[in-house]
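Take a look at the structure below.
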Amino acid sequence: MIFYGCVHVERIPYNTGMTMTIDAKTQSGASRVLATVFGYESFRGDQQAIVEHVIGGGDALVLMPTGAGKSLCYQVPALVRSGVGIVISPLIALMQDQVDALTELGVRAAFLNSTQDWQDSREVEQAFLAGELDLLYVAPERLLTERCLQLLARGKLALFAIDEAHCVSQWGHDFRPEYLGLSMLHERWPNVPRIALTATATDVTRTEIAERLALGEARHFVASFDRPNIRYHIVEKQEVRKQLLQLLRQEHAGDAGIVYCLSRNKVDETAEFLCAQGIEALPYHAGLGPAVRAKNQSRFLREDGIVMVATIAFGMGIDKPDVRFVAHIDMPKSVEGYYQETGRAGRDGTPATAWLAYGLQDVVQQRRMIDESSGDDSFRRRLGSQLDAMLGLCETISCRRQRLLQYFGQTMSACGNCDNCLVPPEAWDGTVAAQKMLSTIYRLWKERGQRYGAGHLIDILRGKQTPRVLEHGHGSLTVFGIGQDLSEQAWRSVLRQLLAHSLLMVDQEGYGTLALTDQSRAVLKGERTLLLRREAERVTERSGRAGTTPRSKASQSDLPLAAQPIFEALRSWRAGIARSHGVPAYVIFHDASLREIALARPDSLEALSHVNGVGAKKLESYGESILACIAEFENAN
Ligand code: ADP
Ligand code: ZN
């Protein structure tokens with residue numbers, strides 16, 4: 001089997017009689033490549049500046065959110081500069097799809113990684129040496145082998161693209177030790193430009209990437225990290241399965257999405273539960289064999305409307321454009337992680353949901369995990385403050401997006417597209433409630449040397465004569481029963497917010513018991529008032545209201561009714577082609593291109609060539625077939 005796109009078409013006859021070459025190397029400049037190869041009219045955001053910088057031989061460090069279009073930043077320069085663009089990526093399982101997508105565009109691409117046998121690798125190596133490739137994808141561990149380095153030394157290189165560059169950062173969420181070796185590229189090939197790309201946004205990570213990849217001279221391009229089409233929605237965890245089901249049924253029926261869980265067990269259970277409810281759900285976690293993982297990933301990418309239930313082992317590099325929701329049923333460990341995971345929704349720019357359910361138990365559990373983790377104190381402190389920031393995001397009463405971007409050092413005004421903006425939460429003066437809780441904890445510790453978890457503390461405040469209360473004689477405490485004005489649920493919310501404000505901590509000894517912090521005193525002494533978010537009984541109702549986007553299929557959302565039947569006809573045409581080529585449908589054409597075709601109903605190849613995403617090669621491969629599909633539809637209707 002040959003792993004590279006050998007169908008490199010030199011000239012395409014048009015029905016207008018004119019001819020168009022797509023051999024990019026003979027074209028002048030980036031815009032030509034963008035139009036002829038990719039079929040796009042114009043660059044987005046910083047793309048043009050980046051592309052020109054790299055074509056000119058400069059190094060670049062590119063930070064752009066998922067879906068902003070990082071790939072073009074190295075693909076276009078690789079096609080414009082002479083030689084082969086080497087793309088370093090940790091995502092072995094996705095390389096085949098990436099190469100297939102480029103082949104569809106008429107770009108000569110191949111990969112070298114451990115999934116290939118010797119014969120296939122040799123074919124790719126020979127194609128490389130013969131100058132028959134535009135782009136070569138290589139896994140970092142493979143690149144660093146002497147054999148591969150020698151191979152590269154014998155060919156002509158256009159550039160090095162280091163994708164998922166945050167993998168070099170130890171503090172990021174995807175550290176890969178192999179990435180550390182990549183700094184030597186600069187020493188070995190000082191004249192080959194390097195472009196490092198990531199969707200990770202914190203300054204710490206950026207500095208670390210620049211240092212560790214020896215990108216001191218590189219120009220930094222930092223885009224806005226806002227993802228305006230994603231609606232953020234964070235709810236209190238009650239009966240989480242029911243809540244999830246409600247989200248899937250009411251807001252995302254038939255949509256593709258990802259459900260993130262913290263543990264493998266929970267992934268398996270949740271996937272089973274959803275299947276039993278008639279939702280097509282598949283599990284994914286590191287405990288499943290490689291074959292099962294590959295199969296589930298491939299089904300998620302290729303079939304419509306699959307729900308992937310996964311640990312965070314799933315998702316990096318998944319470029320499926322139409323993931324309509326990402327749901328977290330456990331709280332992520334950091335804002336960074338949350339941002340990356342939710343970022344996998346809505347790459348195509350149409351509305352998508354990021355939904356998270358969290359509760360007190362999440363906080364307690366994660367604190368325990370931090371306490372039990374190996375690593376020194378500063379490492380644990382760092383994990384602790386990451387968790388605090390995440391908690392802060394969950395409990396904020398202001399705009400979620402503002403808070404999220406603030407974490408990455410970017411500012412914006414309230415977004416109008418998060419739960420807090422859409423249905424502003426009520427705030428209430430929780431000072432007295434906080435004092436009741438804090439003094440209960442204080443007394444038990446000072447007077448009796450005892451520490452307890454949330455449940456027992458709430459029982460004491462609410463004056464419940466439980467066996468434990470009786471056994472420990474807690475009925476005689478002066479605080480017993482002074483908190484009957486709040487429900488158990490409301491008390492849980494108070495506790496979470498006290499944790500989020502660092503007015504309480506989960507005891508270092510573990511077991512989920514709660515202890516005061518240095519800051520608790522100010523509240524106890526009445527020196528500090530506390531505005532809390534009112535949650536409680538309204539949550540379920542709000543989860544229905546805040547996220548309602550009445551639509552059946554998101555992909556049709558911005559299409560007028562009259563154009564929908566032809567859009568569906570084009571989709572089924574595309575499905576047939578994708579199936580016969582064994583690639584995901586979006587590799588043939590994105591929904592956005594089909595939508596444009598459905599609206600314009602082009603009647604010639606010339607007219608079709610103006611549609612975004614229809615480059616020369618795709619016009620040649622599919623133009624006639626699309627025109628036939630349109631004609632057939634029109635005859636039948
Ligand atoms: P990223 O790697 O940053 O997550 P991709 O490179 O996968 O994003 O691009 C996201 C989507 O946007 C892709 O479908 C891509 O084809 C499309 N895209 C990128 N740049 C442009 C552009 N200039 N014009 C139109 N579509 C674009
Ligand atoms: Zn908002």
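Atoms within a ligand are numbered from 1 in the order they appear, just like the ligands themselves.
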query = Can you tell me which residue and heavy atom of the protein come closest to atom 18 (N) of ligand 1, and the distance to 0.1 Å?
reply = Arg44 NH1, 3.4 Å

query = Excluding waters, which protein N, O or S atoms are within less than 2.8 Å of the Zn ion (ligand 2)?
reply = Cys399 SG, Cys415 SG, Cys418 SG, Cys421 SG

query = Going by heavy atoms, is Ser42 under 4.0 Å from ligand 1?
reply = yes

ask   = Are any side-chain N or O atoms of Arg533 and backbone N or O atoms of Pro425, one a donor and one an acceptor, separated by less than 3.5 Å?
value = no

request  = Considering only non-hydrogen protein atoms, determine which one is nearest to atom 14 (O) of ligand 1 and report residue, atom name and distance to 0.1 Å.
outcome  = His590 CE1, 2.4 Å

task = Measure the distance from atom 11 (C) of ligand 1 to every protein heavy atom, then report the residue, atom name and distance (to 0.1 Å) of the closest one.
result = Gly67 O, 4.2 Å

ask   = Looking at side-chain heavy atoms only, is the closest gap between Met316 and His166 below 4.5 Å?
value = yes

task = Compute the minimum heavy-atom distance from Met64 to ligand 1 and say whether it is under 4.0 Å.
result = no

query = When only distance counts, is Gly69 in polar contact with ligand 1, meaning an N/O pair under 3.5 Å?
reply = yes

message = List the residues meeting ring-ring contact (aromatic ring centres under 6.0 Å, His included) with Tyr260, not counting sequence neighbours, and say none if there are none.
response = His328

Name the atoms and distances for all side-chain donor-acceptor pairs under 3.5 Å in residues 42-62, with sequence neighbours left out.
residue : atom : partner : partner atom : Å
Gln47   : OE1  : Arg44   : N            : 2.7
Gln47   : NE2  : Gly69   : O            : 2.9
Gln48   : NE2  : Glu52   : OE2          : 3.1
His53   : NE2  : Asp59   : O            : 2.7
Asp59   : OD1  : Arg194  : N            : 2.8
Asp59   : OD2  : Arg194  : NH2          : 3.4

message = Which option wins on minimum heavy-atom distance to atom 21 (C) of ligand 1: Thr198, Leu72, Asp348?
response = Leu72

ask   = Between Tyr622 and His581, how do the two ring planes meet: parallel, tilted or perpendicular, split at 30° and 60°?
value = tilted

message = If the condition is ring-ring contact (aromatic ring centres under 6.0 Å, His included), which residues does Tyr586 pass it with, not counting sequence neighbours?
response = none

request  = Please test Tyr74 against Phe160 for ring-ring contact (aromatic ring centres under 6.0 Å, His included), starting from the C-alpha separation and ending with a verdict.
outcome  = CA-CA 8 Å; Tyr74 59 83; Phe160 287 107; over 10 Å; no

ask   = Are Tyr339 and Tyr407 near enough that their ring centres are under 6.0 Å apart?
value = no

task = Take every heavy atom of Pro65, measure it against each atom of ligand 1, and state whether any distance is under 4.0 Å.
result = yes

key: Side-chain ion pair, Asp319 and Arg344, N-O less than 4.0 Å   = no

ask   = Do the ring planes of Phe325 and His252 sit parallel (below 30°), tilted (30 to 60°) or perpendicular (above 60°)?
value = tilted

inquiry  = List ligand 1 atoms under 4.0 Å from Thr66, heavy atoms only on the residue side.
reply    = 4 (O)

ask   = For Val84 and Leu133, which heavy atoms make the closest approach, and how far apart are they?
value = CG2-O, 3.4 Å

ask   = Looking at atom 7 (O) of ligand 1, what's its closest protein heavy atom, distance included?
value = Arg347 NH1, 3.2 Å

request  = Before accepting this row, confirm whether a basic side-chain N of the pair Lys320/Asp322 lies closer than 4.0 Å to the acidic partner's carboxylate O.
outcome  = yes

note = In this structure, atom 24 (N) of ligand 1 is nearest to the protein heavy atom Tyr40 CG, 3.5 Å

note = Ranked by distance from atom 6 (O) of ligand 1, the top protein heavy atom is Ser71 OG, 2.5 Å

note = the protein heavy atom lying closest to atom 20 (N) of ligand 1 turns out to be Gln47 NE2, 3.0 Å

